[in-house]
2 protein chains.
Amino acid sequence: MRKLAAGILLIAFAQITSSGPLSPAYTPEGKLKFPEGYREWIFLSSGLDMSYRERGMPGHSMFDNVFADPAAYREFVKTGTWPDGTLLAMEVRGATEKGSINQSGKFQSGETMGVEVHVKDTKRFQGGWAFFAFGGKEPSTQIPTSADCYSCHRDHGAVDTTFVQFYPTLLSIARQHGTVKPGE
Amino acid sequence: MRKLAAGILLIAFAQITSSGPLSPAYTPEGKLKFPEGYREWIFLSSGLDMSYRERGMPGHSMFDNVFADPAAYREFVKTGTWPDGTLLAMEVRGATEKGSINQSGKFQSGETMGVEVHVKDTKRFQGGWAFFAFGGKEPSTQIPTSADCYSCHRDHGAVDTTFVQFYPTLLSIARQHGTVKPGE
């Protein structure tokens, strides 16, 4: 009996210590709550001024950092794709060239300029996934499904509408599982 | 009694689930073992082609991603500086411009081109910290203390010989704790 109780305790504790719950949190009005702990999730990759246009925005230079909630990440490592409840967060930060001893190249500086979250919740969203943009930490309304992000992710995302082709560690896992969209 | 047993179990479990042990692992010859789990540690920041020279290496474009072991990170959040046993890992990856739908800017691609580890172990290393470079996953010999990395980190690292000035989330924590070197 004691063994059983300890077992249950351990399971409960494992759920508490898993910093990324597998269920997204919404307000009663259906807004997504800001994912407070995202900066301590699993880092997927970063990019600088990435654009599907030949020229990005002149005069703006920005890094993006992408994170997966730990529970979703662990499931991806096992299966090569995302479970229901997945939360991915992309934060944008200014890119600085000259600062401290740095003279060339770029580093990340200052506060975040915004956080976008991609949520997989097949019971709630048509197509399974939805996007939310956060300026601060207030709950966010879903970006309308007519926005370009939906069609672009659906048409070009290497795995389940996500841009795994830009996340080197996940790409090799997905290739092993055969879950990469043909052509990516 | 049952409560006490459960408490001990929980402590043991917390130590198991903490993926970043606070003590670096060495071989009997004093080489540092490769930190297998570093890619799931806490992400600090990334940079592109950062250099303290006016021009970086022409023809090479690389991102670096820096990670802190979770136990050291949590201590930094509490105190604004690094505990003994801290492990920081920097991985280098190729920067690609054209690929998939990306037409401008850069994303990370391919395998790591190397991992460097910065270890705080005041009982073992003069000055408290040591550097190790890994090409693969074989244990690594300490980089000699005559190398530039030691003097540069000592002279210019914002917090305890580390370049916290390039890690935005840690920099604001260190400023709150008053642990930033004057001038940085």
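First the proteins, then the strands, lettered A, B, ... as listed; each starts at 1. Just so you know, these numbers use all the heavy atoms, side chains as well, and skip hydrogens, waters and symmetry mates.
- In this structure, A:R124 satisfies the cation-pi test against A:Y26, with its NZ or CZ atom closer than 6.0 Å to the six-membered ring centre and inside 45 degrees of the ring normal.
- In the model, A:S46 has a side-chain atom that pairs as donor or acceptor with a side-chain atom of B:Q108 under 3.5 Å.
- Chain B forms the most heavy-atom pairs under 4.5 Å with one residue out of A:P168, A:S172, A:G183, A:S109, and that residue is A:P168.
- For the residue pair A:D121 / A:W129, no side-chain donor-acceptor distance below 3.5 Å is found, with atom types taken as modelled.
- Using a 4.5 Å cut-off between heavy atoms, B:N102 touches chain A through backbone and side chain atoms alike.
- Classification of the B:F76-B:W82 ring pair by plane angle, with boundaries at 30° and 60°, yields tilted.
- B:Y167 does not touch chain A: none of its heavy atoms, backbone or side chain, sits under 4.5 Å away.
- For the 3.5 Å distance criterion, the side chains of B:K106 and B:S61 qualify, holding a donor opposite an acceptor.
- Considering OH of B:Y38 and CZ of B:F43, their distance stands at 12.5 Å, rounded to 0.5 Å.
- Checked against the 6.0 Å centroid criterion, the rings of A:F131 and A:H153 qualify as a close aromatic pair.
- In terms of heavy-atom pairs under 4.5 angstrom with chain A, the leader among B:N65, B:T169, B:D64, B:I101 is B:I101.
- Using a 4.5 Å cut-off between heavy atoms, B:S100 touches chain A through backbone and side chain atoms alike.
- Residue B:I42 touches chain A through its side chain alone, counting heavy-atom pairs closer than 4.5 Å.
- Interface remark: of the candidates A:R93, A:R39, A:E97, A:H156, A:R39 forms the most heavy-atom pairs closer than 4.5 Å to chain B.
- Contact of B:F63 with chain A is made through the side chain alone, with heavy-atom distances under 4.5 Å.
- The most heavy-atom pairs under 4.5 Å with chain A, out of B:C152, B:G110, B:G105, come from B:G105.
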